[in-house]
Amino acid sequence: MHPDPPPEGYSHVESEHIENTGSGTLRAGIFGVSDGLVSNLALVMGVAGGTGQSGDAVVVAGTVGLLAGSFSMAAGEYISMKTQRETMEKQLRLEREHILAFPEEEQAHLGHLLVESGLSEEDARDIAQKVHLNIDPAVGFHALLELGIVPQQMGSPISAAVASFLSFVAGALIPLLPWLILPSALTESILVSAIALMGVGGAVTTVTGRSAWWGALRQLAFGGFAAGVTWFLGGLVGGQF
Ligand SMILES: [Zn+2]
């Protein structure tokens, strides 16, 4: 038998949640673009300011900065996700051992947690008893209620690392691209970067749920600040003022 189609306007809050935070890939992607854009914009502006807008110097620095940043982001993301995963797996293993060693105490504990969540004593006892008929659902419920972990939703470190790498490249390419085409591209670089900063800032709000304009302007302010400061300090170090 087919289940009824969901009513119009209904959507799984949960599935959105998995996509955004559970796997970490989309989140890592958006923040990777943002990081690549801001860091390489600052680098490009700093070198442009310090060398009297030498196109060659900007292209070398911008390309190296793009690669260095991408590798660093990918490695950081991989290690962070891997560590998180291993920590969760260890907690799940301990939970499983605990349930196998002390089934009655753990069942009672689950009942207690269910009562705390608002169920009646009787319902809680009933559900805890049914959940504890098999070890896998028992571990799953304990993991969720005690640790806030959903075992099936642990993200992949490799895919998060690849997403970080590629998205950082995409972001870092934006301020650099005009310099690859034109001999001196300061205005063009600032212009496309400003547009991209606003786009990324707006996209971030799809994860956080705030107003897109607010996100766009905030990102523009941060990116503009970073670019302005490095432009000035680059000029100072490069003896341009
Ligand atoms: Zn437990």
Side-chain angles (χ1 to χ4, degrees), residues 1-32 34-35 72-168 203-210 215:
M1 201 184 84
H2 258 292
D4 288 336
E8 209 163 324
Y10 172 83
S11 75
H12 256 303
V13 172
E14 192 197 18
S15 63
E16 216 173 280
H17 176 77
I18 294 168
E19 208 182 305
N20 289 342
T21 56
S23 75
T25 306
L26 177 68
R27 191 179 173 281
I30 293 176
F31 287 103
S34 171
D35 279 353
S72 154
M73 282 285 293
E77 191 64 33
Y78 180 84
I79 289 164
S80 141
M81 289 279 284
K82 189 81 181 164
T83 309
Q84 195 187 7
R85 222 196 144 102
E86 283 167 358
T87 309
M88 284 182 183
E89 279 164 359
K90 186 187 166 195
Q91 286 176 313
L92 287 174
R93 212 163 44 236
L94 289 175
E95 193 63 51
R96 182 176 290 264
E97 284 169 13
H98 213 74
I99 292 170
L100 289 171
F102 306 100
E104 275 162 37
E105 289 80 357
E106 283 290 301
Q107 185 176 321
H109 183 55
L110 178 62
H112 179 71
L113 291 172
L114 291 169
V115 168
E116 275 187 347
S117 81
L119 289 179
S120 72
E121 293 265 359
E122 200 189 335
D123 285 348
R125 213 172 19 242
D126 193 36
I127 291 169
Q129 192 252 326
K130 282 176 177 146
V131 164
H132 271 263
L133 287 176
N134 291 298
I135 183 68
D136 285 336
V139 172
F141 270 79
H142 280 262
L144 180 64
L145 293 176
E146 287 170 31
L147 310 167
I149 295 174
V150 180
Q152 298 80 11
Q153 286 180 17
M154 288 192 286
S156 148
I158 293 274
S159 72
V162 170
S164 283
F165 185 91
L166 293 178
S167 55
F168 192 98
V204 168
T205 60
T206 61
V207 176
T208 62
R210 290 198 67 149

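These values consider heavy atoms only, across backbone and side chains, with no hydrogens, waters or symmetry-generated copies. We count ligands from 1, going down the list as the structure has it; atoms in each ligand are counted the same way. Throughout, residue positions are numbered sequentially from 1 according to the sequence presented. Quick caveat, the model's predicted, so the values are computed rather than measured.
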Restricting to N, O or S atoms of Glu95, which is nearest to the Zn ion (ligand 1)? OE2
Does the side chain of His112 reach to within under 4.5 Å of the side chain of Val115, using non-hydrogen atoms? no
Just to the nearest 10 degrees, tell me the angle at the Zn ion (ligand 1) spanned by His142 ND1 and Glu106 OE1. 90°
Hey, which N, O or S atom on Glu146 ends up closest to the Zn ion (ligand 1)? OE2
Relative to each other, are the rings of Phe102 and His98 parallel, tilted or perpendicular (30° and 60° limits)? tilted
Any N/O/S atom, backbone or side chain, of His98 lying under 2.8 Å from the Zn ion (ligand 1)? no
Looking at Phe31, I'd like to know if its CZ atom is crowded, meaning that more than 12 non-hydrogen atoms belonging to other residues, nucleotides or ligands lie closer than 6.0 Å. yes
Is it the case that over 12 heavy atoms from other parts of the model lie below 6.0 angstrom from the CD atom of Glu104? no
